[in-house]
Asks: 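Next up is a structure, given as structure tokens.
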Amino acid sequence: GSEMCIRDSLYSMVAHLSPGSVEVSVGQLVRSGDALGRCGLSGRAAVPHIHFQLQRTSRVGDATMPSELHEIVVSGEDEDLLHATLVPQEGQLLRGIQRDDEVVRRFAFPYREPMTFRIEEDGRSRQETVVGDIDSQGNLVLRSLTQRAQLYYDLHDDLFVVHDTIGARASVLHLVHAALPRVPFELSPRIVWTDHLPRRSFISGAARPILDLFSPFHSADGPVMRYRANWSGGRLEIEGRSESSRGREIATVASFSSARGLERIEIEVGSRTTIAVREGE
């Protein structure tokens, strides 16, 4: 096994590496994604595998400490649940996100390429244009040219994450945040995940009646949504539904095509619906 001291009285152990395959040396700084070695059969191992644990001392085989994993999938009988953070429990079957570039391509928002949406709500229609941008700190941003609003996001190796949406509540960017707060780049129909809608309501102005429906939500993070992906004929749909909405069900659908990426968002709150459709060819 090889050992890496994280800080005083906290060590990680990686065991059963293939002899001669270790690619790091004592004192070397390693980062996420760096190769340590290859899966092996060394030590007391019946089959090739890697053993990882956190422990308080540098002694091989010391007692295991709880270890928190990030963006990890727990496989179940009927579905696989993605957790943002998880302390594994005995008997759980875990895996990482199975990245598929077909999904990644649909979340590419080209720099400074305008996307115009027609938003329909309460029998009224309006247009809004947004562009992909990068701010002065290097953050990825969707910026509304019509409303004063910005959506900050990241494209990690295996998922899309929205960090925050600020500005005019009437902006279509708040709909994007509600429908796509976090999306794994995986095509499996088994994978599901949960997230919170922002506590502050995402629609205002002409849609104030819909805004008023959110008044029962007073938790710090807002209502919990459960999402899943559907893939059919090159078309990707991300569907969300509230798990606990205090009698007012919330449903979201975001549709992507292979040619243009994001094309349509539909948000239902109770009996009221807001739809944003991308215009142009």
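All heavy atoms count here, side chains included; hydrogens, waters and symmetry mates do not.
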Asks: Determine yes or no for a side-chain-to-main-chain donor-acceptor pair under 3.5 angstrom, with Gln92 supplying the side chain and Gln89 the backbone.
Replies: yes

Asks: Name the one of Glu237, Glu239, Arg235 that satisfies side-chain hydrogen bond (donor to acceptor under 3.5 Å, both in side chains) with Asn230?
Replies: Glu239

Asks: Kindly indicate, with the supporting measurements, whether the criterion salt bridge (charged side-chain N to carboxylate O under 4.0 Å, His left out) is fulfilled by Arg105 and Glu102.
Replies: CA-CA 6 Å; Arg105 281 191 284 270; Glu102 285 293 328; 2.6 Å; yes

Asks: Return yes if some donor-acceptor pair links the side-chain N/O of Ser242 with the main-chain N/O of Ile250 below 3.5 Å, else return no.
Replies: yes

Asks: side-chain hydrogen bond (donor to acceptor under 3.5 Å, both in side chains) with Thr64: which of Arg56, Gln53, His51?
Replies: Gln53

Asks: Tell me, do Ile191 and Val73 make a side-chain contact under 4.5 Å, heavy atoms counted?
Replies: yes

Asks: Please step through salt bridge (charged side-chain N to carboxylate O under 4.0 Å, His left out) for the pair Asp133 and Arg143, ending with a clear verdict.
Replies: CA-CA 7 Å; Asp133 203 353; Arg143 198 182 306 278; 3.1 Å; yes

Asks: Do Tyr153 and Val131 sit in one hydrophobic cluster, given that two such residues count as connected whenever their side-chain heavy atoms are within less than 4.5 Å of each other, even indirectly?
Replies: no

Asks: Quick check: Phe160 with Phe185 (ring centres under 6.0 Å apart)?
Replies: no

Asks: Do the side chains of Thr194 and His83 get nearer than 4.5 Å, heavy atoms only?
Replies: no

Asks: Using the rule side-chain contact (heavy atoms from CB on, under 4.5 Å), only one of Val277, Ile119, Val176 pairs with Ile265; which is it?
Replies: Val176

Asks: Rounded to the nearest 0.5 Å, how far apart are CZ of Arg38 and CG of Leu36?
Replies: 13.0 Å

Asks: Cluster question for you: counting only ILVMFWY and a side-chain heavy-atom cut-off of under 4.5 Å, with indirect links fine, are Leu236 and Leu155 together?
Replies: yes

Asks: Salt-bridged, Arg118 to Glu128, with N to O below 4.0 Å?
Replies: no

Asks: Near Arg148 CZ, under 6.0 Å, is it more than 12 heavy atoms from other residues, nucleotides or ligands?
Replies: no

Asks: To the nearest 0.5 Å, what is the distance between CZ on Arg182 and CG on Asp195?
Replies: 5.5 Å

Asks: Looking at Val172, is its backbone amide N or carbonyl O close enough to the side chain of His174 to form a donor-acceptor pair, meaning the two atoms are under 3.5 Å apart?
Replies: no

Asks: Are the side chain of Arg126 and the backbone N or O of Glu121 linked by a donor-acceptor pair below 3.5 Å?
Replies: no

Asks: Give a yes or no on whether the backbone of Trp193 and the side-chain of Arg226 come within a donor-acceptor separation of less than 3.5 Å.
Replies: no

Asks: If you define the side chain from C-beta out and look only at heavy atoms, does anything of Asp34 sit under 4.5 Å from Ser32?
Replies: no

Asks: Using only atom types and a distance under 3.5 Å, with no angle test, would you say the side chain of Asp122 pairs donor to acceptor with the backbone of Arg124?
Replies: no

Asks: With heavy-atom distances below 4.5 Å as the criterion, would you say the side chains of Gln55 and Met13 are in contact?
Replies: yes

Asks: Is the gap between the ring centers of Phe107 and Phe256 under 6.0 Å?
Replies: yes

Asks: Just by distance, do the side chain of Thr146 and the backbone of Thr129 share a donor-acceptor pair under 3.5 Å?
Replies: yes

Asks: Less than 4.0 Å between a side-chain N and a carboxylate O, is that true for Glu266 and Arg264?
Replies: yes

Asks: Will you find, in the side chains of Ser257 and Glu263, an N or O donor that is under 3.5 Å from an N or O acceptor?
Replies: yes

